[in-house]
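The analysis underlying the following values was restricted to heavy atoms, covering all of them including side chains, and did not include hydrogens, waters or symmetry mates. The model shown is predicted, which means the values in this text are computed figures rather than measured ones. Just so you know, residue 1 is the first one in the sequence shown, and it goes up from there.
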Amino acid sequence: MPQPRDDRRPRLVRDPRAWLAPYVVALALIAFWPSHVDEGMGPFLRALTRALPVLTYARVEFAANIALFVPLGVLPMMILRRRYLIVPIALVATVTIEAVQSLMGGQRTSSVLDVIANLTGACVGMLVVALVEWWRARSAG
């Protein structure tokens, strides 16, 4: 019989449900902020793209959208029993975000590439959890 883990971290830190609400709030703030959240990053991004020409602004933005949605793959994988719902949840979330952004006008723009990047991020998060679970099962038995 396996020994119970002596995990001294508070339950709040270990429970993925505790991370879901702050993540959703942060995602909503980023998605629905009236201006682009990278607005103040112009000088840094210009220096980065000059130093590494392969990193165009479009590629950096695409990668940032992927990274932003990785938790939307990780957290539900750790919470839900019906994991087949994660991709539809991510799709509805990203399409909703892009639809609202298209209605916001101003500086916000919607993009099909954002939907693709966001879904990719959620799938990357799901894959990471699946690989960790596979590795743990392989190591345990």
Side-chain angles (χ1 to χ4, degrees), residues 1-104 106-141:
M1 180 173 195
Q3 294 293 323
R5 296 170 104 183
D6 182 22
D7 198 344
R8 298 193 191 279
R9 293 176 296 166
R11 184 174 187 278
L12 183 66
V13 173
R14 290 179 283 141
D15 189 354
R17 290 173 294 208
W19 292 97
L20 190 58
Y23 167 72
V24 169
V25 168
L27 180 61
L29 286 172
I30 291 167
F32 302 128
W33 202 256
S35 60
H36 286 280
V37 293
D38 64 352
E39 201 170 72
M41 297 294 291
F44 170 76
L45 290 172
R46 280 190 292 281
L48 180 66
T49 57
R50 263 186 261 123
L52 300 166
V54 70
L55 291 179
T56 63
Y57 177 80
R59 288 179 178 160
V60 171
E61 181 185 27
F62 192 81
N65 277 324
I66 289 173
L68 182 63
F69 270 72
V70 168
L72 195 60
V74 170
L75 296 172
M77 279 286 284
M78 297 172 72
I79 296 168
L80 296 176
R81 288 188 183 152
R82 297 182 179 132
R83 291 177 165 181
Y84 60 86
L85 295 173
I86 298 170
V87 171
I89 289 168
L91 179 62
V92 168
T94 189
V95 168
T96 300
I97 288 168
E98 296 304 315
V100 170
Q101 284 181 348
S102 73
L103 297 172
M104 287 175 69
Q107 295 182 349
R108 299 312 304 250
T109 55
S110 60
S111 166
V112 172
L113 282 178
D114 287 352
V115 173
I116 293 168
N118 297 345
L119 278 175
T120 301
C123 290
V124 166
M126 292 172 64
L127 183 61
V128 166
V129 172
L131 287 172
V132 168
E133 289 175 348
W134 172 80
W135 183 260
R136 284 183 176 170
R138 185 174 171 256
S139 298

Could you tabulate the donor-acceptor pairs under 3.5 Å formed by side-chain atoms of residues 83-93, not counting sequence neighbours?
{"unit_1": "R83", "atom_1": "NE", "unit_2": "M77", "atom_2": "O", "d": "3.1"}
{"unit_1": "R83", "atom_1": "NH1", "unit_2": "E133", "atom_2": "OE1", "d": "2.9"}
{"unit_1": "R83", "atom_1": "NH2", "unit_2": "M77", "atom_2": "O", "d": "2.7"}
{"unit_1": "R83", "atom_1": "NH2", "unit_2": "E133", "atom_2": "OE1", "d": "3.4"}
{"unit_1": "R83", "atom_1": "NH2", "unit_2": "E133", "atom_2": "OE2", "d": "2.6"}

For residues 41-55, please give each side-chain donor-acceptor pair under 3.5 Å, one per line with the distance, not counting sequence neighbours.
{"unit_1": "T49", "atom_1": "OG1", "unit_2": "L45", "atom_2": "O", "d": "3.0"}
{"unit_1": "T49", "atom_1": "OG1", "unit_2": "R46", "atom_2": "O", "d": "3.1"}

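Side-chain contact between R108 and F32 is absent, with no heavy atoms from C-beta onward closer than 4.5 Å.
Pairing each heavy atom of Y23 with each of F69, the nearest pair is OH-CA, 3.6 Å. In terms of heavy-atom proximity, I97 sits nearest to A31 at CG2-CB, 3.5 Å. The nearest pair of heavy atoms linking S110 to S102 is OG-CB, 3.3 Å.
A salt bridge (Lys or Arg N to Asp or Glu O under 4.0 Å) check over residues 56-82, counting only residues at least two apart or in different chains, returns nothing. Counting only residues at least two apart or in different chains, side-chain hydrogen bond (donor to acceptor under 3.5 Å, both in side chains) contacts with residues 88-100 comprise T94-N118.
Applying the side chain to side chain contact (heavy atoms under 4.5 Å, CB included) criterion to V24, with sequence neighbours excluded, gives L20. In this view, W135 and R138, S139 satisfy the side chain to side chain contact (heavy atoms under 4.5 Å, CB included) rule, not counting sequence neighbours. With sequence neighbours left out, L131 forms a side chain to side chain contact (heavy atoms under 4.5 Å, CB included) with L127. Checked against side-chain hydrogen bond (donor to acceptor under 3.5 Å, both in side chains), Y57 has the following partners two or more places apart in sequence or in another chain: D38.
Atom CD1 of I116 is separated from atom CG of L119 by 8.5 Å, given to the nearest 0.5 angstrom. Atoms OG1 and CG, on T109 and D114 in that order, are 7.0 Å from each other to the nearest 0.5 Å.
Side-chain atoms of R17 do not come within 3.5 Å of backbone N or O of I79 as any donor-acceptor pair.
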